[in-house]
Amino acid sequence: MATLVTGAAGFIGYHVARSLLDRGEQVIGIDSFVPYYRLDLKESRLAALQHPDFTFHRVDFAHMADLASALAPHPISRIVHLGAQPGVRWSIDHPHDYAHSNLAGQLNLLELARRLQVPMVYASSSSVYGANTKLPFAVEDRVDHPISLYAATKKSAELMAETYAHLYRIPLTGLRFFTVYGPWGRPDMAVWKFTEACLKGEKVALFNAGNMRRDFTYIGDIVSGILACADTPPADDGRVKPGGSVAPHALFNIGNHRSEPLMRLVQVIESACGKPLHLDDQPMQPGDVPDTYADISAIAETHGFAPTTPIDTGVPRFVDWYRKWTAN
């Protein structure tokens, strides 16, 4: 039996698939290679996943017939659904991309889990907290006021999952990711953008004069949390789960439980690169929030999640990887 990993050529999906293979497990990976960012990076991740126990299908999970046809030959014991259309700012001008991947796609994966009667871990986002001002963000907080369509689709994905857990008793776990970074990361994220600009001596946009804080979470810590949740799905025992459900549906924040000033990130990147970063001050962008900070007590108590990687350790690892990858 295999684990299905969606978004296997993506940042987090690649690392989850790699870790499962390293544990000796079989993995079925799918990805549609949406050109939201450079496809050569996705192709490189996929090439790095080649293994006798890894099978890959280039398929769009928002098309149910194609998804079902690709997966029909494979016995699947669980699903880790990490594929999505990411990006708060992109959602302002490309709303239909988010309805396609994050709504239709989530529904299809829930239907697949129902048909197979297997548990699923799926990706939500800290963006669901919207304009909340109470920090740190806790899974018990209300999330009724998203300020980007991206966030609205992630909240909708959680609501669909709650319905499926209630109706069909499928064990489901939603993970509200905070700002994830590390080797093989995404070019649209701050750590990549700042590192690239710093090493090239170019200017990079700094929004809101850098007066923002983010809960930067290293990819290795994220993967350990994902696998812990996949290994122990929520029980159908009628008890209240994190997030408030009495169905077998749990919601967790998965972050570093440490909110860093953006200018602190700039300093760490400059130190790792050995060069100054040239900043171009820009106003706050629509859909952005000034602060994110994860209360991870629920996932810590339920799954023993304990992140260990501060940005002083994780950022230099990314910079080292970036230098090597761009040199190839």
Side-chain angles (χ1 to χ4, degrees), residues 3 5 11-25 78 80-82 119-129 132 134-141 143 158 171-186 189-191 213-235 239-245 248-261 264-265 268 272 291-318 320-321:
T3 300
V5 178
F11 173 33
I12 302 176
Y14 159 78
H15 281 281
V16 168
R18 180 74 265 166
S19 294
L20 288 168
L21 292 169
D22 290 344
R23 295 197 330 187
E25 301 188 30
R78 60 185 178 181
V80 181
H81 177 35
L82 300 170
M120 181 170 86
V121 175
Y122 67 92
S124 186
S125 168
S126 61
S127 295
V128 301
Y129 291 107
N132 287 15
K134 170 189 159 292
L135 295 172
F137 298 147
V139 291
E140 296 80 17
D141 296 342
V143 288
E158 294 180 357
L172 301 170
T173 303
L175 296 177
R176 292 174 176 172
F177 292 110
F178 284 67
T179 306
V180 186
Y181 73 97
W184 295 104
R186 277 177 25 207
M189 301 293 284
V191 172
R213 301 176 67 95
R214 290 291 182 267
D215 195 323
F216 294 103
T217 316
Y218 187 68
I219 185 62
D221 293 328
I222 287 288
V223 170
S224 68
I226 294 171
L227 295 184
C229 291
D231 290 342
T232 310
R239 296 183 179 180
V240 177
K241 310 298 186 296
S245 178
H249 178 215
L251 289 171
F252 296 110
N253 287 335
I254 183 165
N256 202 30
H257 192 58
R258 180 171 177 170
S259 190
E260 300 279 1
R264 168 78 176 126
L265 173 68
V268 175
D291 299 285
T292 66
Y293 182 12
D295 178 344
I296 61 170
S297 57
I299 193 172
E301 292 169 7
T302 306
H303 293 293
F305 177 69
T308 60
T309 314
I311 61 171
D312 303 83
T313 301
V315 166
R317 290 178 186 170
F318 171 78
D320 288 345
W321 170 85

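Note that these values count all heavy atoms, side chains included, but never hydrogens, waters or copies made by symmetry.
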query: Taking only residues two or more places apart in sequence or in another chain, which ones pass side chain to side chain donor-acceptor pair (under 3.5 Å) with His15?
result: none
Residues which pass ring-ring contact (aromatic ring centres under 6.0 Å, His included) with Phe137, listed by chain and number, not counting sequence neighbours: Tyr129
task: Taking all heavy atoms of Gly185 and all of Phe318, pick out the closest pair and write down the distance.
output: N-CE1, 4.4 Å
task: Name all residues meeting the side chain to side chain donor-acceptor pair (under 3.5 Å) criterion together with Ser125; count only those two or more places apart in sequence or in a different chain, and write none if there are none.
output: Ser127
message: So, using salt bridge (Lys or Arg N to Asp or Glu O under 4.0 Å) as the criterion, who are the partners of Arg264 when residues are at least two apart?
response: Asp312
Those residues that, when tested against Thr313, pass side chain to side chain contact (heavy atoms under 4.5 Å, CB included) (two or more places apart): Thr309, Pro310, Arg317
- request: Give the intermediate values and the outcome of side-chain contact (heavy atoms from CB on, under 4.5 Å) for residues Thr217 and Ile254.
  value: CA-CA 8 Å; Thr217 316; Ile254 183 165; 5.7 Å; no
Arg176: partners by salt bridge (Lys or Arg N to Asp or Glu O under 4.0 Å), with sequence neighbours left out: Glu158
- request: Please determine if Lys134 and Asp141 form a salt bridge, counting it only when a charged side-chain N lies under 4.0 Å from a carboxylate O.
  value: yes
query: Looking at Val80, Thr173, Asp221, Val5, which hits side chain to side chain contact (heavy atoms under 4.5 Å, CB included) with Ile226?
result: Val80
- request: Report the residues that fulfil side chain to side chain donor-acceptor pair (under 3.5 Å) with Ser245, sequence neighbours left out, ordered by chain and then residue number.
  value: Glu162
message: When you compare the side chain of Pro233 with that of Leu172, does any pair of heavy atoms fall below 4.5 Å?
response: no
query: Who are the salt bridge (Lys or Arg N to Asp or Glu O under 4.0 Å) partners of Arg78, not counting sequence neighbours?
result: Glu25, Asp231
- prompt: Checking side-chain contact (heavy atoms from CB on, under 4.5 Å) for the pair His257/Tyr293: CA distance, chi angles, key distance, verdict?
  reply: CA-CA 6 Å; His257 192 58; Tyr293 182 12; 3.9 Å; yes
Nearest-0.5 Å distance that lies between atom CG in Asn253 and atom OG in Ser124: 9.0 Å
field: Atom pair CZ (Phe178) and CZ (Arg214), whose distance is rounded to the nearest 0.5 Å
entry: 10.5 Å
- prompt: Taking all atoms of both residues into account, what is the closest heavy-atom pair of Tyr181 and Phe11, and its distance?
  reply: C-CZ, 3.5 Å
- prompt: If you take all heavy atoms of Asp215 and Gly255, which pair is closest and at what distance?
  reply: OD1-C, 3.8 Å
task: Please test Leu227 against Arg23 for side-chain contact (heavy atoms from CB on, under 4.5 Å), starting from the C-alpha separation and ending with a verdict.
output: CA-CA 11 Å; Leu227 295 184; Arg23 295 197 330 187; 3.9 Å; yes
query: Considering residues at least two apart in sequence or located in another chain, which fulfil the ring-ring contact (aromatic ring centres under 6.0 Å, His included) criterion with Phe216?
result: none
field: Test side-chain contact (heavy atoms from CB on, under 4.5 Å) applied to Leu265 and Glu260, step by step
entry: CA-CA 7 Å; Leu265 173 68; Glu260 300 279 1; 6.0 Å; no
message: Suppose we screen for salt bridge (Lys or Arg N to Asp or Glu O under 4.0 Å). Which residues come up paired with Arg213, at least two apart in sequence or across chains?
response: none
- prompt: Can you tell if the side chain of Phe252 reaches within under 4.5 Å of the side chain of Cys229, non-hydrogen atoms only?
  reply: yes
message: A side-chain contact here means heavy atoms from C-beta on lying under 4.5 Å apart; do Pro242 and Leu251 qualify?
response: no
field: Residues which pass side chain to side chain donor-acceptor pair (under 3.5 Å) with Tyr122, listed by chain and number, not counting sequence neighbours
entry: His249
message: Working to the nearest 0.5 angstrom, can you tell me the gap between Ser224 OG and Ile219 CD1?
response: 9.5 Å
- prompt: For the atom pair CD1 (Ile222) and CG (Leu175), what is the distance rounded to the nearest 0.5 Å?
  reply: 8.0 Å
message: To check you understand the geometry: which heavy-atom pair defines the closest contact between Pro234 and Lys241, and what is its length?
response: CB-CE, 4.3 Å
List the atom pairs, donor and acceptor, that lie under 3.5 Å between side-chain atoms in residues 297-306 and the rest of the protein, sequence neighbours left out.
residue	atom	partner	partner atom	Å
Ser297	OG	Asp295	OD1	2.8
Thr302	OG1	Ala298	O	2.9

Rounded distance [0.5 Å steps], CZ in Phe177 versus OG in Ser126: 10.5 Å
